[in-house]
Protein chains: 2
Amino acid sequence: MSKDTGTPARLDPDKIVTSALRIADAEGLGAITIRRLAQEHGVTPMALYRYFRDKDDLLAALAERLLADVHLPEPSDDPWDRQLRALLAACLAAVRPHPAVAGLIPTRVLLSEAGLMLVERTLALLAEAGFPPDQATEVGSQALCSLVTLVTTEPGVAESTDPDTRDDAIRAKRAALHSLAPKRYPHVLAAADALTLCADRESYYELGVEFAVAGVRGLRPQSRTAH
Amino acid sequence: MSKDTGTPARLDPDKIVTSALRIADAEGLGAITIRRLAQEHGVTPMALYRYFRDKDDLLAALAERLLADVHLPEPSDDPWDRQLRALLAACLAAVRPHPAVAGLIPTRVLLSEAGLMLVERTLALLAEAGFPPDQATEVGSQALCSLVTLVTTEPGVAESTDPDTRDDAIRAKRAALHSLAPKRYPHVLAAADALTLCADRESYYELGVEFAVAGVRGLRPQSRTAH
DNA sequence: ACCTGAACACCGTTCAAGT
DNA sequence: ACCTGAACACCGTTCAAGT
């Protein structure tokens, strides 16, 4: 045996990211701490700096993990908008389980292989759709960002991570809306429930994806080209 | 004279929010600190707690300030999509000067009078457009959030607040993209400049607003109704 | 009512050592 | 190469007083 058994495994950056993701899922982004991660891995805080330049670097690694979880659909002969929908759905599937971390993604897509490939595919589809490069860049970014927004602003999700606190927060918010002046805020009152909790999460996300696809379709230069 | 002149003015929460906004604009959201705000107002940190429950409450007040700066256009006889465009443009105008603070808004719109009125108007327009209440709620939220995303992810803005550091960051990011494998990332390479810095900020924001309007229009139930 | 002072329980990070 | 230990310069917030 060339190695001692029972030797504490060498610090693994992937495992640190996994811990960080678990912490964020359970207690929010603010619960991620260099010191806490170090403690959970039986090591001094400074040990983490061998693998991450600073805390922001660690958060970037978190975003990268989510992006790496995207299973990009293979390019096909489907019309561009069908392919775009599938692409966005794939991103959404990777991001949905981690609402606390989702917001880290938009500013960090270009920092990881997975993110770059995601952008590459998106731009390719939009070029196929007839967008000039600059417009494709912006429209593609907006479409991808809208998925993150969908997750981070899903009614009832941002409230809190603890289920009990969450229910209380939702009830309180709902009560506040219901107590508004009906003359001044008729539509808000009518939408009080929908604004505070998602009635049907699946159709919420389906509609959200369609919103992005429709935005792209509506901006397409030659809208008469057969698809 | 019933008052001493030169008496330090009583602590004014509005002035504290103003200071916080200035700090965030100049140095980012992370530079906002209870202790620093207290110092700038010649007071003990604990003095601020008389006006803000905690730091999150102060951040909510920041978001409220931005929302209060929105000059809602008067309802008119214009078609709903024209009015929606004007509404979104008004929001954008209020948010654009404060990219570091913009991200606070989405989860806090329903906590302020200004935000509630904004949502009320949006829902009214979408009802006019034929959306059922639940869809209007989601689609309206998405449209408003997309403006925030536009500001917080404007290429070249998120990099840094200091102009020199910012230019360096942009150059570095651009160089990184230009060094990618052309076979693997042809579209990303072609879009390297557009991805790192906005060539024309005005058309960037115009296109962004159109994206949101197009998303809404594309999801409208009875799309054949005359507008 | 409005503000102070001291203290508590944390942070991220630098620097110099250890092995 | 990989990790430790001590220290620095911060945080937000509680609690008990002051006037």
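In the text below, chain A, chain B and the rest are named by the order of the sequence lines, each starting its count at 1.
Here the closest non-hydrogen pair linking A:R166 and A:G156 is NH1-O, 2.7 Å. The two atoms that bring B:S146 and A:Q142 nearest to each other are O-NE2, 3.5 Å, heavy atoms only. Minimum interatomic distance between B:A102 and B:V151 (heavy atoms only, all atoms of both residues): CB-CG1, 4.2 Å. Taking every heavy atom of both residues into account, B:D25 and B:P97 meet most closely at OD1-O, 3.9 Å. Considering every non-hydrogen atom in both A:A20 and A:I32, the closest pair reads O-CD1, 3.4 Å.
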Can I get a per-line list of side-chain donor-acceptor pairs under 3.5 Å for residues 37-48 of chain A, giving both atom names and the distance, sequence neighbours left out?
residue : atom : partner : partner atom : Å
A:E40   : OE1  : A:R22   : NH2          : 3.3
A:H41   : NE2  : A:S19   : OG           : 2.8

In residues 61-73 of chain B, what donor-acceptor pairs under 3.5 Å come from side-chain atoms, sequence neighbours left out?
residue : atom : partner : partner atom : Å
B:R65   : NH1  : B:T18   : OG1          : 3.1
B:R65   : NH2  : B:D14   : O            : 3.0
B:R65   : NH2  : B:T18   : OG1          : 3.3

Between the protein and nucleotides 4-7 of chain C, are there any N/O to N/O pairs under 3.5 Å, and if so, what are the atom names and distances?
residue : atom : partner : partner atom : Å
C:dT4   : OP2  : B:T44   : N            : 2.7

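A straight line from CG of A:L37 to C1' of C:dT13 spans 15 Å, rounded to a whole angstrom. One can place CZ of B:F52 at 16 Å from C1' of D:dT13, the figure rounded to the nearest angstrom. Put simply, CZ on B:R36 is 12 Å from P on D:dG12, counting in whole angstrom units. Between the CD1 atom of A:I32 and the P atom of C:dC10 there is a distance of 18 Å, rounded to whole Å. The separation between B:R10 atom CZ and C:dA1 atom C1' is 8 Å, rounded to whole Å. Going from atom CD1 of B:I34 over to atom C1' of D:dG12 covers 7 Å, rounded to whole Å. Rounded to an integer number of Å, the gap from CD of A:Q39 to P of D:dC3 is 17 Å. The separation between A:L48 atom CG and C:dC11 atom C1' is 14 Å, rounded to whole Å.
For the OP1/OP2 pair of C:dG12 and a distance below 4.0 Å, the side-chain nitrogens and oxygens of A:T33 include at least one atom meeting the criterion. OP1 or OP2 of D:dC3 sits under 4.0 Å from a side-chain N or O of A:Y51.
Within the structure, side-chain hydrogen bond (donor to acceptor under 3.5 Å, both in side chains) contacts touching residues 200-209 of chain A (residues at least two apart or in different chains) are A:R96-A:E202, A:E154-A:R201, A:E154-A:Y205, A:D200-A:S203. The stretch residues 102-113 of chain A participates, sequence neighbours left out, in these side-chain hydrogen bond (donor to acceptor under 3.5 Å, both in side chains) pairs: A:D56-A:R108, A:E113-B:Y185. The stretch residues 170-179 of chain A participates, sequence neighbours left out, in these salt bridge (charged side-chain N to carboxylate O under 4.0 Å, His left out) pairs: A:E159-A:K173, A:D168-A:R171, A:R174-A:D193. Sorted by first then second residue, the salt bridge (charged side-chain N to carboxylate O under 4.0 Å, His left out) pairs that include residues 133-150 of chain B, not counting sequence neighbours, number zero.
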Legend entry - Nucleotide-level pairing of DNA chain C, given in dot-bracket where Watson-Crick and G-U pairs need both distances under 3.5 Å and | marks other strands: ||.|||||...|||||.||
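Contacts of residues 53-62 of chain B with DNA chain D (heavy atom under 4.0 Å): B:D54, B:K55. Interface residues of residues 23-31 of chain A facing DNA chain D, ordered by number: none; criterion, heavy-atom separation under 4.0 Å.
Atom CD1 of B:I16 sits about 5.0 Å away from atom CZ of B:F52, to the nearest 0.5 Å.
In this structure B:E210 satisfies the salt bridge (Lys or Arg N to Asp or Glu O under 4.0 Å) test together with B:R85, sequence neighbours excluded. Residues passing the side-chain hydrogen bond (donor to acceptor under 3.5 Å, both in side chains) test with B:D54, sequence neighbours excluded: none.
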